[in-house]
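To start, the structure itself, in structure tokens.
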Amino acid sequence: DAKTTQPNSMESNEEEPVHLPCNHSTISGTDYIHWYRQLPSQGPEYVIHGLTSNVNNRMASLAIAEDRKSSTLILHRATLRDAAVYYCILGSSNTGKLIFGQGTTLQVKP
Amino acid sequence: NAGVMQNPRHLVRRRGQEARLRCSPMKGHSHVYWYRQLPEEGLKFMVYLQKENIIDESGMPKERFSAEFPKEGPSILRIQQVVRGDSAAYFCASSPRGQGYEQYFGPGTRLTVT
């Protein structure tokens with residue numbers, strides 16, 4: 001299974017943008033890039049996913065490097081409710097399973 | 001559209017008993033995944049099911065654990081003869097289609113084995 005590398009933790013100030021990086025140098029051509037987050041004592045929550053092109057939705061934006069070896073999740077205006085563990089995951093089109101790493105713990109300061 | 005539902009939310013079992021965890025996927029979703037999160041550890045994939053079929057059980061312990069997703073009714077994760085090491089949060093996720101698509105997670109069942 002292809003692996004991802006994320007910083008263990010990041011800090012942000014409330015109402016400022018947050019850029020969460022992810023490296024996935026061994027990504028294969030059929031791997032989707034998924035982002036999920038998990039708030040304390042809750043189940044993971046889908047955030048966004050993409051294959052090659054940048055993606056936007058109501059929660060965030062996903063910027064994918066041209067060579068697909070890295071990506072960045074962008075939260076445009078962080079709120080206190082965005083404090084969570086963010087997971088960058090490569091989802092193979094051959095299997096359905098998600099392989100969770102340690103993720104990035106995001107702290108948002110008021 | 002109701003989200004993924006799991007019950008019970010909390011389950012306490014004594015060593016040697018059986019635990020049955022239920023998952024009702026979102027309406028229209030026929031793909032179900034089970035994950036386990038041990039205390040202070042990350043989420044680990046257990047099994048992927050599509051109606052009446054096990055697609056991938058590569059993460060399931062070889063003994064005592066089984067899963068099913070019948071044509072009618074919820075998906076069931078069954079743990080026989082529970083041990084203390086089974087204490088964890090068990091999350092179910094569903095997807096409208098399989099590989100490559102987003103998964104929607106339930107709130108989890110927290111199993112405590114005493």
Side-chain angles (χ1 to χ4, degrees), chain A residues 1-9 22 24 27-53 55-60 62 64 68 73 84-105, chain B residues 1 3-7 9-10 21 23-26 29-51 53-60 67 69 75 88-110:
Chain A
D1 298 311
K3 292 188 176 178
T4 63
T5 304
Q6 300 177 253
N8 286 335
S9 62
C22 181
H24 29 78
I27 190 170
S28 73
T30 56
D31 285 341
Y32 284 80
I33 301 159
H34 292 255
W35 284 84
Y36 287 78
R37 71 181 185 181
Q38 188 175 23
L39 279 67
S41 300
Q42 295 189 27
E45 178 185 23
Y46 167 77
V47 178
I48 200 167
H49 79 292
L51 185 62
T52 57
S53 304
V55 185
N56 300 295
N57 66 21
R58 63 175 181 81
M59 288 183 70
L62 176 59
I64 301 173
R68 300 209 326 126
L73 178 70
V85 180
Y86 285 79
Y87 297 99
C88 169
I89 301 165
L90 299 184
S92 171
S93 63
N94 296 322
T95 72
K97 64 185 178 186
L98 300 174
I99 308 296
F100 287 82
Q102 293 306 306
T104 297
T105 300
Chain B
N1 189 7
V4 176
M5 299 176 67
Q6 290 188 249
N7 65 81
R9 295 291 305 276
H10 299 273
L21 287 62
C23 168
S24 296
M26 289 179 69
H29 288 194
S30 60
H31 299 258
V32 165
Y33 308 82
W34 285 92
Y35 296 83
R36 176 167 69 171
Q37 189 166 34
L38 293 165
E40 306 305 322
E41 292 191 20
L43 286 139
K44 304 290 185 190
F45 166 80
M46 299 182 75
V47 63
Y48 163 31
L49 309 105
Q50 193 179 357
K51 283 288 186 181
N53 292 305
I54 296 174
I55 307 300
D56 181 352
E57 57 182 346
S58 58
M60 286 281 268
F69 187 18
S75 175
Y90 292 82
F91 294 100
C92 163
S94 74
S95 179
R97 289 184 277 270
Q99 297 85 328
Y101 286 86
E102 65 269 28
Q103 297 178 19
Y104 296 91
F105 284 77
T109 293
R110 278 149 184 85

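A, B, ... follow the sequence lines: proteins, then strands. Residue 1 opens every chain.
Rounding to the nearest 0.5 Å gives a distance of 13.0 Å between NZ of K97(A) and CD1 of I55(B). Here the straight-line distance linking atom CG of L98(A) with atom NZ of K44(B) works out to 13.0 Å at 0.5 Å rounding. Atom CG of L43(B) sits about 5.0 Å away from atom OH of Y87(A), to the nearest 0.5 Å. Distance OH/Y104(B) to CD/E45(A): 10.0 Å, rounded to 0.5 Å.
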Item to check | Verdict with reasoning, Y36(A) to F105(B), per side-chain contact (heavy atoms from CB on, under 4.5 Å) | outcome: CA-CA 10 Å; Y36(A) 287 78; F105(B) 284 77; 3.7 Å; yes
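Only the side chain of Q37(B) has a heavy atom closer than 4.5 Å to any heavy atom of chain A. Heavy atoms of S95(B) lying under 4.5 Å from chain A are absent altogether.
Within a 6.0 Å sphere centred on CE of M60(B), other residues, nucleotides and ligands contribute more than 12 heavy atoms. Enclosure of atom CD in E41(B) by more than 12 non-hydrogen atoms of other residues, nucleotides or ligands within 6.0 angstrom is indicated.
Within the 4.5 Å cutoff, side-chain heavy atoms of F91(B) are placed close to those of Q38(A).
Aromatic pair F100(A)/Y35(B): centroids less than 6.0 angstrom apart.
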